[in-house]
Protein chains: 2
Amino acid sequence: MPPHPPAVTDRAADRMRTAIMEGGLRPGEQLVEAEWTDRLGVSRNTLREAFRQLCREGLAEHQRHCGVTVRNLSAEDVREIFTIRRALELSAVATVTTPIAPHRLDSMRACVAAAADAAKAQDWRAVGSHSLRLHGEIVRLIGSPQLDAFFASVLAQLRLSFAINPDEAAFQAPWLDRDAAILDRLAETDPAGAASALRAYLDDSERGLLARFPAP
Amino acid sequence: MPPHPPAVTDRAADRMRTAIMEGGLRPGEQLVEAEWTDRLGVSRNTLREAFRQLCREGLAEHQRHCGVTVRNLSAEDVREIFTIRRALELSAVATVTTPIAPHRLDSMRACVAAAADAAKAQDWRAVGSHSLRLHGEIVRLIGSPQLDAFFASVLAQLRLSFAINPDEAAFQAPWLDRDAAILDRLAETDPAGAASALRAYLDDSERGLLARFPAP
DNA sequence: GCCCGGTGAATTGTTCAACAATAATTATTG
DNA sequence: CAATAATTATTGTTGAACAATTCACCGGGC
């Protein structure tokens, strides 16, 4: 039997999280307590705890007496996300001095394959998600669950910034091949090659995302 | 005027955090809600939120229907902490390609000086805290507040493991000089030298901490 | 017309009390 | 003594209440 039925507060947080990710909520939009207690059918205390979870994950922001709003990333925030990505993903790649465990490679290849399928189906949102999942797998090479959890929340924030722009198609397509290339280098136990490909990838990706913000 | 009086829940979390850190609570000890609502004079809801904060920081653990306990680190946990330290601190050191900003250097030197003072005063707990503060400053070189917050919680977990052993004197003393040496290399903008010194430092420190656990 | 302060509604912060669900403990039975 | 049933303690969740704060609205003075 399952260890425990999932907690009510977790289910509430899940539903709000997907609501944010699916784009039903705009960045900066306020999350009013009364509204969501009705919609989710949970008590205010439980809901507030769910809010706190979202804030902890960087998907929402809280200001005392002013409530919770969907996080609205600034250019500075995007830069920080990529600073973190560079630090962690490059660290991870550097640890690949011996061949990667087969099951790890399989997980990574599955991400790329899923992204390719989604691209064929023109589901660009899914493409982005699967690509980010691959990069989560890369960080897993470091071998720390705590780091994985932290990085997952960082990637979730990045996905949030995807939601801003409408033309995801043009944005997502070119990156697929580069993901695959990085993975190939990793499979060949070529950390230096993977690192340089990854660094270029991150630089370009950051540039592309920052271009959408009004010039400073 | 100050932006806001601090939230009740934060003050409660603070008091419990120091209680844990000062060693008043042993690892594995259970934190009963009723007991702490009395001691802190806050409501159960507020207290539960404070509990969750501690869990998020890795200072406590939560199991559904079984309450919250003070985190009890295993050898595996210590290994993970050092895995994270290696990834982040070495990443940080690698970013030092241009001279470090003077105020940053000042903060770091202040940590070493404070640790030295504490050593003179035989306050070994303080020595450990200041040394860890230095390593927190190192990670700040990366330039990400989110990463800083995450790393701070990792260091707090490590401090928790210090609380286990009684003879902190023998443990803390030798590391002071090595901290200073690493800082010198950083001040000279010598990332490679700092990296190798830091790597050796972390390896030795991890070994020393793991030695206290029963052999596998 | 526009700035200014005050009034009141709406929202959030915190507490309290109750009940349900689960785990731990004790009592009971064979 | 072992296994099981009943009891108790603790946590999970809810609902309502009240305080504190923000915000929008409104009227008066310049």
Side-chain angles (χ1 to χ4, degrees), chain A residues 1-20 24-72 149, chain B residues 1-20 24-72 149:
Chain A
M1 71 176 160
H4 265 303
V8 178
T9 172
D10 291 334
R11 284 177 43 75
D14 279 348
R15 288 186 54 180
M16 286 195 292
R17 196 176 305 129
T18 64
I20 291 175
L25 271 21
R26 290 193 221 156
E29 188 167 338
Q30 188 151 30
L31 302 176
V32 183
E33 294 184 354
E35 199 177 307
W36 284 90
T37 52
D38 288 354
R39 191 181 310 194
L40 300 179
V42 300
S43 82
R44 204 154 76 94
N45 285 323
T46 303
L47 180 80
R48 285 166 63 84
E49 164 57 13
F51 275 170
R52 281 183 282 255
Q53 270 191 240
L54 295 185
C55 290
R56 178 187 340 149
E57 297 167 20
L59 264 43
E61 279 176 331
H62 175 95
Q63 264 188 276
R64 239 172 98 84
H65 291 289
C66 297
V68 176
T69 56
V70 179
R71 176 104 179 266
N72 194 359
Chain B
M1 69 178 158
H4 265 302
V8 179
T9 172
D10 291 334
R11 284 175 44 76
D14 279 347
R15 288 187 55 180
M16 285 195 292
R17 195 174 311 140
T18 64
I20 292 175
L25 272 17
R26 297 204 195 154
E29 186 166 339
Q30 189 154 32
L31 301 175
V32 184
E33 292 184 356
E35 200 176 306
W36 284 88
T37 51
D38 288 355
R39 192 182 309 196
L40 300 180
V42 301
S43 83
R44 233 181 105 206
N45 286 325
T46 304
L47 181 81
R48 285 166 63 84
E49 165 57 13
F51 275 170
R52 282 184 278 256
Q53 270 192 238
L54 295 184
C55 290
R56 177 192 343 155
E57 296 167 21
L59 265 43
E61 279 175 332
H62 176 92
Q63 265 189 281
R64 237 173 102 83
H65 291 290
C66 298
V68 175
T69 57
V70 178
R71 176 103 180 266
N72 195 359

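Keep in mind that this is a model prediction, so the values were computed, not measured. Chain identifiers are assigned alphabetically (A, B, ...) following the order of the sequence lines, protein sequences preceding nucleic acid strands; residue numbering begins at 1 within each chain.
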Undergrad: What is the distance, to the nearest angstrom, from the NE2 atom on B/His62 to the P atom on C/dT22?
TA: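 Value for this atom pair: 14 Å.
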Undergrad: Do B/Arg48 and A/Glu49 have side chains that approach each other closer than 4.5 Å (heavy atoms only, starting at C-beta)?
TA: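 Heavy-atom side-chain distance check fails, nothing below 4.5 Å.
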Undergrad: Closer to the 5' end of DNA chain D via nearest nucleotide, is it A/Ser43 or B/Glu33?
TA: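 The 5'-side residue here is B/Glu33.
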Undergrad: Round to the nearest Å and state the distance from B/Gln30 atom CD to D/dT10 atom P.
TA: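 Result: 9 Å.
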Undergrad: B/Arg64 has a side chain; which of D/dT14, C/dT14, D/dG12 sits nearest to it?
TA: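 So the nucleotide nearest the side chain must be D/dG12.
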Undergrad: Of all the nucleotides listed (D/dG12, D/dC23, C/dA24), which has the minimum atom distance to the side chain of A/Cys66?
TA: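 Minimum distance to the A/Cys66 side chain belongs to D/dC23.
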Undergrad: Considering only heavy atoms and no angle criterion, is a donor-acceptor pair shorter than 3.5 Å present between the side chain of B/Arg44 and the base of D/dT10?
TA: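 In this structure, the two groups form no donor-acceptor pair.
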Undergrad: Looking at every non-hydrogen atom in both residues, tell me the closest pair between A/His62 and A/Cys55 and how far apart they are.
TA: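 Smallest interatomic distance, heavy atoms only, reads CB-SG, 3.7 Å.
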Undergrad: Could you check whether A/Leu47 gets within reach of a base, just the sugar-phosphate, or nothing at all, counting any heavy atom under 4.0 Å?
TA: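 No contact.
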Undergrad: I need the minimum non-hydrogen distance between B/Ala60 and B/Val68, along with the two atoms involved.
TA: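 Looking at all heavy atoms of both residues, the shortest contact is CB-CG1, 3.6 Å.
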Undergrad: How many whole angstroms separate atom CD of A/Gln63 from atom C1' of D/dA20?
TA: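 Checked: the CD to C1' distance equals 16 Å.
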Undergrad: For A/Asp38 and D/dT14, what is the distance between atoms CG and C1' respectively, to the nearest whole Å?
TA: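 After rounding, the reported distance stands at 14 Å.
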Undergrad: In whole angstroms, how far is the P atom of C/dT11 from the CZ atom of A/Phe51?
TA: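 A/Phe51 atom CZ is separated from C/dT11 atom P by 13 Å.
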Undergrad: Are the side chains of A/Val70 and A/Arg26 in contact, using a 4.5 Å heavy-atom criterion?
TA: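 A/Arg26 vs A/Val70: side chains apart.
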Undergrad: Would you say A/His65 reaches D/dC23's phosphate, i.e. side-chain N/O to OP1/OP2 under 4.0 Å?
TA: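 No.
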Undergrad: Examine C/dG13: is either OP1 or OP2 under 4.0 Å from a nitrogen or oxygen in the side chain of A/Arg48? Give yes or no.
TA: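 Checking A/Arg48 against C/dG13: at least one side-chain N or O falls below 4.0 Å of OP1 or OP2.
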Undergrad: OP1 or OP2 of D/dT14 less than 4.0 angstrom from a side-chain nitrogen or oxygen of A/Thr46, does that happen here?
TA: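 A/Thr46 to D/dT14 OP1/OP2: side-chain N or O found under 4.0 Å.
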Undergrad: Could you tell me how far apart B/Trp36 (CH2) and D/dT11 (P) are, to the nearest whole angstrom?
TA: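 After rounding, the gap between these two atoms is 13 Å.
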Undergrad: Nearest to the side chain of B/Asn45, heavy atoms from C-beta on, is which of D/dG15, C/dT14, C/dT12?
TA: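 The listed nucleotide nearest to B/Asn45's side chain is D/dG15.
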Undergrad: If you define the side chain from C-beta out and look only at heavy atoms, does anything of B/Leu40 sit under 4.5 Å from B/Met16?
TA: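 In short, these two side chains touch, coming nearer than 4.5 Å.
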